[in-house]
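Structure, as structure tokens:
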Number of protein chains: 2
Amino acid sequence: MRLTTRGRYAVTAMLDLALHYDRGPVSLAEIAERQGISQSYLEQLFARLRRNGLVDGLRGPGGGYKLGRPGDAISVADVIDAVNETVDATRCGGQRNCHGEKRCLTHDLWEELSCQIRDFLSNVSLDQLVRRKSVQTLHRMQEPHGKESRPEATV
Amino acid sequence: MRLTTRGRYAVTAMLDLALHYDRGPVSLAEIAERQGISQSYLEQLFARLRRNGLVDGLRGPGGGYKLGRPGDAISVADVIDAVNETVDATRCGGQRNCHGEKRCLTHDLWEELSCQIRDFLSNVSLDQLVRRKSVQTLHRMQEPHGKESRPEATV
DNA sequence: ATCATACCCGACCGATTTACTCAGCTTTCG
DNA sequence: CGAAAGCTGAGTAAATCGGTCGGGTATGAT
């Protein structure tokens, strides 16, 4: 089972994107600063997200990324799957050859666990996260109220 | 979140111990052979299991390990906790300083996930695993029917 | 046109962890 | 005593991770 900073960063970044959905494309530089993530590292993550159709990249000045589909159609599991190769908890990756040719004693247990985790993460969409109170609060705190960073919303 | 081969091995080994509970101490050599795990590696794992009171070691010839308490009082979470330091899914380890001084946007999500996983693993005991049909089947397959390895059960 | 912006891509890197080995101890049974 | 087992610590190859760096390429604005 692999659930590391990579997946966490990816979900955080996607959530940032969802929170600024109405402002047009969001640049990686913005996300990097707001969420405290290395921009170069974000580029790697977004390459994977893009390949999986979770985001669309727009080049040139004023460009950035936007969600590839509505926030209620993107689950946390989708995001983690896109950047990590697997969320499987079994060693054999479901191949059932964890002990020689056969399953190991605990194969089924890990399979169930994987299922549980997957269910949980599949049932949380970006939109649901956006609506959470804790997220809203942090979101407002991250906005620079002082400087005008909303250039005449061209929605 | 860290759920690796170490935890899997530990649970498998503990399950092996539970399956042979009525035979007196089980040596690591037996477990190593039956479950296909390096014996030296098992020694390291059992050092941690012992420190956490999950097993008792008996030295000398005929020695081995036995469960430190009944199989229904040992959960899979106990075992994984003993060999891994943490099963937490948050980056900050619950310290809520994942983004500068504050929580990151997704802190709560990972906290919930950790909770889910912990609940699941806490509610599976070794005894429950022993009673599972799939485990029983594999168990029987692992027993050497040919040679007499049950020395006049001194229960 | 050209320049700045921002996406895009691939190579590289230090640190950490993992799974595992080796060697050498100590305790205890026969 | 001597062999069987637990016990311990040091060491190691490989993998992975988070991250950097340098250089592209598309595109909007001047």
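So that the names make sense, note that chain A is the first sequence line, chain B the second, and so on, each numbered from 1.
- Distance NE2/H20(A) to CG/L67(A): 12.0 Å, rounded to 0.5 Å.
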Next on the checklist: Pairs counted only when both distances fall under 3.5 Å, Watson-Crick or G-U: show me the 5' to 3' dot-bracket for DNA chain C, [ ] for pseudoknotted crossings and | for other-strand partners.
Outcome noted: ||||||||||||||||||||||||||||||

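- Taking atom CD of E30(B) as the reference point, atom P of dG6(D) lies 9 Å away to the nearest angstrom.
- Contact annotation: S27(A) side-chain N/O to dC7(C) OP1/OP2 distance is not under 4.0 Å.
- Using a 4.0 Å cut-off between charged side-chain N and carboxylate O, D16(B) and R34(B) make a salt bridge.
- For R50(B), there are no salt bridge (charged side-chain N to carboxylate O under 4.0 Å, His left out) partners at least two apart in sequence or on another chain.
- Nucleic acid contact class of T5(A) (heavy atoms, under 4.0 Å, all strands): sugar-phosphate only.
- Scanning for salt bridge (charged side-chain N to carboxylate O under 4.0 Å, His left out) contacts around R131(B) gives an empty result, with sequence neighbours left out.
- In this structure, of dC7(D), dG19(D), dC20(C), it is dG19(D) that holds the atom nearest to the side chain of Y9(A).
- Across the protein-nucleic acid pair, R50(A) atom CZ and dA6(C) atom P stand 17 Å apart, rounded to whole Å.
- Atom pair R51(A):CZ and dC9(C):P shows a separation of 7 Å (rounding to whole Å applied).
- With rounding to whole Å, Q44(A) atom CD is found 15 Å from dT16(D) atom P.
- Looking at heavy-atom distances under 4.0 Å, Y65(A) makes contact with sugar-phosphate atoms alone, never a base.
- Side-chain contact annotation: T106(B) with W110(B), donor-acceptor N/O pair under 3.5 Å present.
- If you measure from atom CG of L17(B) to atom P of dG6(D), you get 10 Å, rounded to the nearest angstrom.
- Distance from the side chain of Y41(A) is smallest for dG18(D) among the nucleotides dC7(D), dG18(D), dA5(D).
- Salt-bridge annotation for E111(B) and R118(B): absent, with no side-chain N of the basic residue lying under 4.0 Å from a carboxylate O of the acidic one.
- Contact between the side-chain N/O atoms of T4(B) and the OP1/OP2 oxygens of dT17(C) is not found at any separation under 4.0 Å.
- Using a 4.0 Å cut-off between charged nitrogen and carboxylate oxygen, D108(A) and R103(A) count as a salt-bridge pair.
- Across the protein-nucleic acid pair, Q35(B) atom CD and dA19(C) atom C1' stand 17 Å apart, rounded to whole Å.
- With Q35(A) contributing its side chain and C104(B) its backbone, the two residues share no donor-acceptor pair below 3.5 Å.
- Between R8(A) and dC17(D) there is no side-chain polar atom (N or O) within less than 4.0 angstrom of OP1 or OP2.
- The side chain to side chain contact (heavy atoms under 4.5 Å, CB included) check on S40(A) picks up S38(A), with sequence neighbours excluded.
- Residue pairs meeting the salt bridge (Lys or Arg N to Asp or Glu O under 4.0 Å) criterion with at least one partner in residues 64-73 of chain B, sequence neighbours excluded, are R69(B)-D78(B).
- Of all the residues in residues 54-64 of chain B, R59(B), G60(B), P61(B) reach under 4.0 Å from DNA chain C with at least one non-hydrogen atom.
- The side chain of Q39(B) has dG6(D) as its nearest neighbour among dC7(D), dC7(C), dG6(D).
- In this entry the distance linking CZ of R6(B) with P of dT17(C) reads 10 Å, nearest Å.
- At whole-Å resolution of the value, CZ in R48(B) and C1' in dT8(D) are 13 Å apart.
- With hydrogens and angles ignored, a donor-acceptor pair under 3.5 angstrom links the side chain of E43(A) to the base of dC9(C).
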